[in-house]
> 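Once you've had a glance at the structure underneath, I'll fire off some questions.
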Amino acid sequence: MQLPLPLPAQVPLSWYLILSVILFVTGAAGFLLRRNIITVFMCIELMLNAVNLTFIAFSHQLKQVDGNLFAFFVMVVAAAEAAVGLAIILTVFKNRSTLEVDEVSSMKL
Amino acid sequence: MSDPGLTAQLEPVETAPGSTRKMVLNMGPQHPSTHGVLRILLELDGEIITKAQPDIGFLHTGIEKQAEALGWQQVVTLTDRMDYLANLSNNLAYVLPVERLLGLEIPAKAQWLRVLLCELSRINSHAVWLGTHALDLGAMTVFFYCFREREDILRLFEMFSGQRLMTSYIRIGGVALEPPRGWHAAISKFASGLSDKIDEYEDLLTKNPIFLQRTQGVGHLSLERLLDLGVTGPMIRAAGLAWDIRKSEPYSSYEKFDFDIPTCTESDVFSRFRVRVDEMRQSLRIVNQALEGMPEGPWKADAPKVVLPDREKMKTQMEALIYHFKIVTEGFRVPAGDAYVPVESPRGEIGFFVASDGTSKPLRVFMRTPSFGNLQSLTPLFEGRLIADSIASLGSMDFVLGDVDR
Amino acid sequence: MDFYLITLVKMALTAIVLLTCCAYAVWVERKVLAHIQLRPGPYFVGPHGLLQPLADLIKLLTKEGIVPSHVNPFFYLIAPFLAVTLGLTSIVVIPFTPPFEVLGHQVALGLTDLNIGVLFILAISGLGVYGIAIGGWASNNKYSLMGSLRSSAQMVSYELPLALAIAAPLLSINSLNFRQIVNAQEGFAFGIIPHWSIFAGPVPQILSFLIFITAAFAETNRVPFDLPEAESELVAGFHTEYSSMMFASFFMAEYANIITICCVATALFLGGWHPLWPSAYGSDLVPVVLLAGAGLMLLFHAVHAARRRTWDRFSFPVFGLLFLGLAPLFLIPVLKPVLIPFFWFVAKAGFLVFVFIWIRGTLPRFRYDQLMRFAWTFLFPLAVANLLVTGLVVALTGN
Amino acid sequence: MDALLFLVFAAIAVGCAINLVLQTHPISSALSLVGVMGSLAVLYLLLGGEFLAAVQLIVYAGAIMVLFTFVIMLLNAGAEKKPSRKVLSTAVALPLLFTLAGIGAYFAATQTPSADVVKFGAFTAGPLEIGRALFTRYLLPFEVTSVLILIAILGAIVLARKEI
Amino acid sequence: MLADNLKEMPVPAAIEAWDPDAILHSSFEHGETTLWISPDKILPLCAHLKASLQFNRLSGLTAIDLYPQEPRFEVVYLLHSIPANQRLKLKVALPGDNPALPSVTSVWAGADWYEREAFDLFGVTFTGHPDLRRIMLPDYWEGHPLRRDFPTHGHKYSYKDE
């Protein structure tokens, strides 16, 4: 099938990697700039996702399943992290009734 | 009834650190399971109610005030409109104290007819209660089954009085009309099939594990607390006290009927369900006895100054015509004094405190309605419990808002 | 290019058929529920209310879609769209018939034949919660919010037993592809007992079928698990504020989910398009007999009408002749390999849909905490135990 | 067609990611993240990661993000009051990040041979391959992650108790 | 001061014995016992009735407006004893301006709404009531509709306004 756009039929691997870089940096920017603790947490997830994309792209490149497995483990760890992290956020909110990262800077109330 | 500012009267929602935030939910006056226009302000901690404040009066129509402007007999029509599910009990509860003040002697047939129809209306009321209560708990089918019986009973009422809902059939001095032809067969036919139909409801609910989980142990209040709050009727009997005004202070020849007072001791929603279903069976017993032993004789009292004469007599006898004219234009006078006769309505003790100053209009008609008393148990039944449970308890109280607000 | 074109046409067809099925599922539900509850159900619009779905559609389309002033409009509008899209998506992996030959092409009823079909269903049903959650949240109404919170918790909780119940039969079938799953259930033990997952295999999966159906009730928010829209407590739950087509979208999504999950259960546990007993004993004649019987009965009633309603005078003979005309189609050798499997698939899925409605007419609803406890302390351990036992037996007996 | 699919879904992913960072309300951010995850799942499919694509949707979008939205709704978290950090720190951080992105992209573009193209269907990591690798070579990590999840569950329960 | 036909009855006699000043006068008609109680005695009497004489229920509480007579109001307590199966009517006469009585909510919690209702519809104040607000009518309502000088068709409202 002919595409109307001047595009290669197949995508070079580097495109996936560049996409991954963009997503990672966006996540990092959000992590640094946002104040809401939940949004910060979501930015971490975004960075993990970007890394996963790299893993799977290399897995395809090397024709080996290992990259997929790494991504799988990352997801499992992310699930565990989300469970604990959200529980922490709930507790923090219960004790301080705020979600601003800056206001949760002290260890004690 | 209060203006919207009532919300502000709840304590301010605490937002201090260490406390979870509470939500104020305005349940009603338009809500599917408040059974009318009841408004409840709930303060919620998650799904648990920490504070409940009922707000009534949305259906207040000033019946007590209207009664003071109407003649004695005319007030009967107002009583139908309070508790529209048990209108015959209301009629009876109004008529009895007036007859006591008048010193009227009611013939046996009228008394038995009153009992028969009151018990039918008790079955009707409990059927509607059962249906709506089951609907609240999500069992939709029971609702339609119950309304099948209600339909039959309403047809019987229509047969007697020409009206389905606002029958006004029980009047001072007897009943409004002569029983229609074929009434005995019609009621017998209905009564013979009812027992199976009550079994049908029980098949759907009594052993259903989800229904049991939703109702057993839910909405418990101790007997002392219930009595203290002025609760009457099936709720008291479900708490273990065998107190039924039909037995303890018999009226309208209830002492001649043989029936039991069903009781339970758990005082939860399920026991209230059990008591009401058993009461339907007991009512059926009374209906059957009334059908069998219906005495012959006149169906209204021999009191020409109070009771309208027969149409036939009115057109042939001068004296009857004069009485008819006097009663219709002026009404009748009731000796000064006051009286209160309690009656066991499907919801509990209904009684009219009737005071007369000797004129043809009441001085004061106070309606001690069961729903008003029962609804006072709402706050203790709600607080500290789950919303879903509160729906079950609310249903188990079986109130009619028309009866509460009057 | 052909592939894309055909796929597009198939997608459009599937969407139309599924949406029509949803509309008629509502009609069937109302009719069945009504007859359970001693009332006639819809019967004004068209013969036996058959045009009621159309009337409802026109009504809902022409009603004003109210967007209350206090809502978050973007999320408020996108939520029903999400719900109905996700509801319609998951049907694509279900095959309805075995492949057959048309003009030299191998085709089969069913949109696609994904290798990870089962996982796809799980993924889409996992996303289904967003429509409800966002809709409830965006309505900015306390009842809606509570409804959507409940439904999120409920759907996440019941996803686990659902997935575990699906996993058990897969252990013996060894595939995630629906076509292979159905093919693996072909044949009959002792020549009569069908080789379906619930009967056959090293471990009959009747238990996981029951777990699956129970969890499916919860996933689709049906009685006795319809807590998110428990009308006695939460008015209408997450869709309290919705009106017109936005409300209809949620409604459609619910019925699309029911139909999909019934199809999944049919393919996974009830042997898909395989007949209930071998065709050697005449199972192929079942649709013929059923349709011809229905047609003859209708014609009989058209002549000997117990009571004549205006519509019946026309509808009984017309439908009778229609059914009678349809019956011989199942005997034509060319159509047989398509229609007979399709009939069995639809019959099984339809029966499951009927069970959904039947339960709704019978059971009250759970309380919220009871529902969660039921999922975590009863269904989940049961599903795990079933999976363990199945795995053990498969490991011991398999190669 | 591969290129078109890639471009469309990459654009969605980047758009959603930027939206995630820019939106002030956490619910919008969470839904943007779901959008990123959904489009990444499609990209995984293009890369042959069938199983991972499904798991991405089931675990990430269907469980983790539902948990996020659930928590946001539960806390009824509103939009951030102050939109972001101080202007100075933003002004310093953003160029640095863009530089980082540029360096990364440069290396990605130059270090990989341009002849390496991603061919749809050239490699498939379906459930069968993943499962085989998971239960042979990666058995120990697999078991360790299960212990990790168990610990996480316990931790979450302890943290979410009422008393703390 | 007991009526002659009440002297034999245990409950009125016991009240008479408890405080001879409590009963102002009394009557026994149609089988119903009515005792007129002096306003300052009503709260201790109710407590006594509940504690010692088994009157565990307040069946109802209301008022009668005898306008234009004076004392204008009569507050009626309908008491019931389930164990003894007995009913008792207590009445308290109150003056027309600023009628007030001590609340009996401390004795029977169920008196709460009845007292609110009497307050709402008659304007009788119950001192010591925990939450004395209008119950049937909205808070902004003026007047007390069950008073006999309140017109039945309502005041400040005529159909011409519409």
Side-chain angles (χ1 to χ4, degrees), chain B residues 22-28 30-35 40 42-44 46-49 131-149 151 197 200 203-206 208-218 269 273 385-392 394-395, chain C residues 29-30 32-41 140-151 153-154 214 217-218 221-237 239-241 356-374 377-378:
Chain B
K22 285 175 181 170
M23 179 160 103
V24 177
L25 187 68
N26 185 13
M27 191 162 142
Q30 281 88 32
H31 187 280
S33 56
T34 51
H35 299 270
I40 311 169
L42 300 176
E43 193 186 274
L44 301 176
E47 296 239 347
I48 293 173
I49 299 167
T132 49
H133 183 51
L135 191 66
D136 282 348
L137 298 179
M140 205 174 156
T141 304
V142 185
F143 178 75
F144 286 99
Y145 282 25
C146 289
F147 265 60
R148 173 188 58 188
E149 269 65 77
E151 192 59 37
K197 288 171 178 169
E200 221 171 34
D203 283 347
L204 277 165
L205 293 176
T206 312
N208 185 320
I210 301 177
F211 183 73
L212 291 182
Q213 275 188 20
R214 286 297 303 275
T215 53
Q216 275 183 335
V218 169
V269 176
F273 159 78
R385 303 177 188 192
L386 292 167
I387 302 184
D389 281 351
S390 76
I391 299 298
L394 195 72
Chain C
E29 162 141 39
R30 289 176 66 178
V32 171
L33 211 54
H35 286 303
I36 290 175
Q37 293 164 349
L38 315 163
R39 57 199 174 93
N140 200 5
N141 170 323
K142 286 165 187 170
Y143 292 116
S144 303
L145 181 68
M146 287 174 79
S148 71
L149 278 179
R150 279 179 175 193
S151 79
Q154 172 182 333
T214 315
F217 275 104
N221 293 333
R222 295 284 297 185
V223 172
F225 304 107
D226 63 338
L227 271 287
E229 43 196 292
E231 60 169 13
S232 57
E233 301 149 38
L234 300 181
V235 189
H239 56 62
T240 306
E241 298 280 356
F356 269 70
I357 299 166
W358 184 13
I359 294 282
R360 181 171 173 202
T362 315
L363 290 182
R365 92 169 53 86
F366 272 107
R367 204 173 68 199
Y368 186 63
D369 58 325
Q370 290 164 351
L371 169 113
M372 293 304 258
R373 204 176 305 134
F374 182 72
T377 63
F378 179 74

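We use all heavy atoms of the structure for the numbers below, so side chains are in, but hydrogens, waters and symmetry mates are not. Each chain gets a letter, A, B and so on, in the order its sequence line appears, and its residues count up from 1.
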> Tell me, side chain or backbone of B:V218 under 4.5 Å from chain C's heavy atoms, or both, or neither?
side chain
> If the condition is side-chain hydrogen bond (donor to acceptor under 3.5 Å, both in side chains), which residues does C:Q370 pass it with, not counting sequence neighbours?
none
> Closest approach of C:Y143 and B:M27, non-hydrogen atoms and distance?
OH-CA, 3.2 Å
> Quick check on C:L149 against chain B: is it the side chain, the backbone, both or neither that has a heavy atom closer than 4.5 Å?
neither
> Just jot down the side-chain contact (heavy atoms from CB on, under 4.5 Å) partners of B:Y145, sequence neighbours excluded, or say none.
B:T141, B:R148, B:E200, B:Y201, B:L204, C:L38
> Check each atom of B:L394 against the heavy atoms of chain C and say whether the ones under 4.5 Å are side chain, backbone, both or neither.
neither
> So, taking the atom named CG in C:L371 and the one named CD1 in B:I210, what distance separates them when rounded to the nearest 0.5 Å?
10.0 Å
